[in-house]
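What you see is a predicted model; the values in this text were computed from it and never measured.
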Amino acid sequence: MRSVSVGKVLAAATATTLYTVPTGYYANCVHLHVASSTASNKHISISWYDTSASLSIPITFETVVASKTSFDAITGNQYFVMEEGDYITVTSETGATMSIVGTFEINGAQRT
């Protein structure tokens, strides 16, 4: 297993893919951290797309992030397992200036 962190500065009101699990691997999503540098409160939505179920699952939906603050959507003992092709998308509200960092534990072979 190896860990990888990925960060994105979000384009407001645009779905942005944070991370996609490579073919032949699975990953534990162990941390998602959101930061806002917006001058006012704005919301953010984070979803996991499960390719095996063809289903988008909200992790957080229109969660308000206070001006110039941050929050952890996944941290500590929380995590979920993503299979090959699964991905995380993030969408911030119109007019928002936000970023997200995710940490994933990548495992070398597809889990059965």
Side-chain angles (χ1 to χ4, degrees):
M1 174 177 27
R2 70 180 179 93
S3 296
V4 62
S5 290
V6 179
K8 299 279 179 151
V9 174
L10 304 175
T14 303
T16 302
T17 299
L18 175 65
Y19 181 75
T20 302
V21 180
T23 300
Y25 293 84
Y26 67 98
N28 297 333
C29 178
V30 297
H31 192 216
L32 294 173
H33 180 80
V34 174
S36 173
S37 58
T38 309
S40 59
N41 298 349
K42 295 288 183 178
H43 64 71
I44 192 165
S45 297
I46 305 170
S47 294
W48 159 37
Y49 187 81
D50 181 354
T51 54
S52 66
S54 298
L55 184 63
S56 184
I57 301 161
I59 296 167
T60 182
F61 181 74
E62 294 187 358
T63 299
V64 175
V65 184
S67 173
K68 302 185 187 295
T69 64
S70 62
F71 83 99
D72 293 316
I74 300 286
T75 190
N77 293 330
Q78 304 171 337
Y79 74 93
F80 58 93
V81 179
M82 300 168 61
E83 295 181 339
E84 65 180 16
D86 289 2
Y87 55 91
I88 301 289
T89 58
V90 188
T91 307
S92 61
E93 184 177 358
T94 299
T97 304
M98 294 189 190
S99 59
I100 186 166
V101 175
T103 300
F104 303 87
E105 294 174 345
I106 312 305
N107 296 282
Q110 178 66 29
R111 221 166 86 157
T112 58

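- In terms of heavy-atom proximity, Gly95 sits nearest to Ala12 at N-CB, 3.7 Å.
- Distance check, rounded to the nearest 0.5 Å: SG of Cys29 to CH2 of Trp48 gives 9.5 Å.
- Note that CD1 of Ile44 and CZ of Phe61 are 12.5 Å apart. Values are rounded to the nearest 0.5 Å.
- No donor-acceptor pair under 3.5 Å is formed between the side chain of Thr94 and the backbone N or O of Ala13.
- Annotation for Phe80: atom CZ counts as buried by contact number, over 12 foreign heavy atoms lying within 6.0 Å.
- Linking ILVMFWY residues whenever their side-chain heavy atoms come closer than 4.5 Å, directly or via other members, places Met98 and Val6 in the same cluster.
- The shortest side-chain heavy-atom distance between Arg2 and Ile106 falls under the 4.5 Å cut-off.
- Residues Ile74 and Met1 do not share a hydrophobic cluster, defined by chaining ILVMFWY side chains whose heavy atoms lie under 4.5 Å apart.
- By the rule that hydrophobic residues join a cluster once side-chain heavy atoms approach within less than 4.5 Å of another member, Val101 and Ile59 end up as members of separate clusters.
- Contact between Phe104 and Val30 at its shortest, heavy atoms only, is N-CG2, 4.5 Å.
- The only member of Ile100, Thr89, Leu18 that meets side-chain contact (heavy atoms from CB on, under 4.5 Å) when paired with Ile46 is Ile100.
- Summarising the geometry of Val65 relative to Ser36, their closest heavy-atom pair is CG1-CB, 3.6 Å, with the distance given to 0.1 Å.
- The backbone N or O of Asn28 lies less than 3.5 Å from no partner atom in the side chain of Glu105, so there is not a single donor-acceptor pair.
- Here the closest non-hydrogen pair linking Pro58 and Ser56 is CD-O, 3.7 Å.
- With values rounded to the nearest 0.5 angstrom, Asp86 atom CG is found 4.0 Å from Thr51 atom OG1.
- Atoms OG1 and NZ, from Thr17 and Lys8 in turn, are 7.0 Å apart once rounded to the nearest 0.5 Å.
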Report task. List the steps and the verdict of side chain to side chain contact (heavy atoms under 4.5 Å, CB included) for Tyr26 and Met82. Result -> CA-CA 6 Å; Tyr26 67 98; Met82 300 168 61; over 6 Å; no
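- The hydrophobic clustering, which links ILVMFWY residues whose side-chain heavy atoms are closer than 4.5 Å, places Ile88 and Val4 together.
- The side chain to side chain contact (heavy atoms under 4.5 Å, CB included) search around Ser70 returns His33, Ala35, not counting sequence neighbours.
- With hydrogens and angles disregarded, no donor-acceptor distance shorter than 3.5 Å links the side chain of Thr38 to the backbone of Ser40.
- Not one N or O on the side chain of Lys42 forms a donor-acceptor pair closer than 3.5 Å with the backbone of Thr97.
- In the hydrophobic clustering, where aliphatic and aromatic side chains (Ile, Leu, Val, Met, Phe, Trp, Tyr) are joined below 4.5 Å either directly or transitively, Tyr49 groups with Tyr87.
- Note that the CD atom of Glu84 and the OG1 atom of Thr23 stand 5.5 Å from one another [nearest 0.5 Å].
- Note that CD of Glu93 and CG of Asn41 are 9.5 Å apart. Values are rounded to the nearest 0.5 Å.
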Query - Pair Thr69-Phe71, side chain to side chain contact (heavy atoms under 4.5 Å, CB included): steps then yes or no - result: CA-CA 7 Å; Thr69 64; Phe71 83 99; over 6 Å; no
Requested in this report: Go through the steps for Thr103 and Tyr19 under the test side chain to side chain contact (heavy atoms under 4.5 Å, CB included), then give the verdict.
Outcome: CA-CA 9 Å; Thr103 300; Tyr19 181 75; over 6 Å; no
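- Nearest heavy atoms, Ser92 versus Ala11: OG-O, 4.1 Å.
- The minimum heavy-atom distance between Leu32 and Gly102, with the atom names listed, is CD2-CA, 3.8 Å.
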Query raised in the report: Should Asp72 and His31 be marked as a side chain to side chain contact (heavy atoms under 4.5 Å, CB included) after you check the CA-CA gap, both sets of side-chain angles, and the distance that decides it?
Result: CA-CA 7 Å; Asp72 293 316; His31 192 216; 3.0 Å; yes
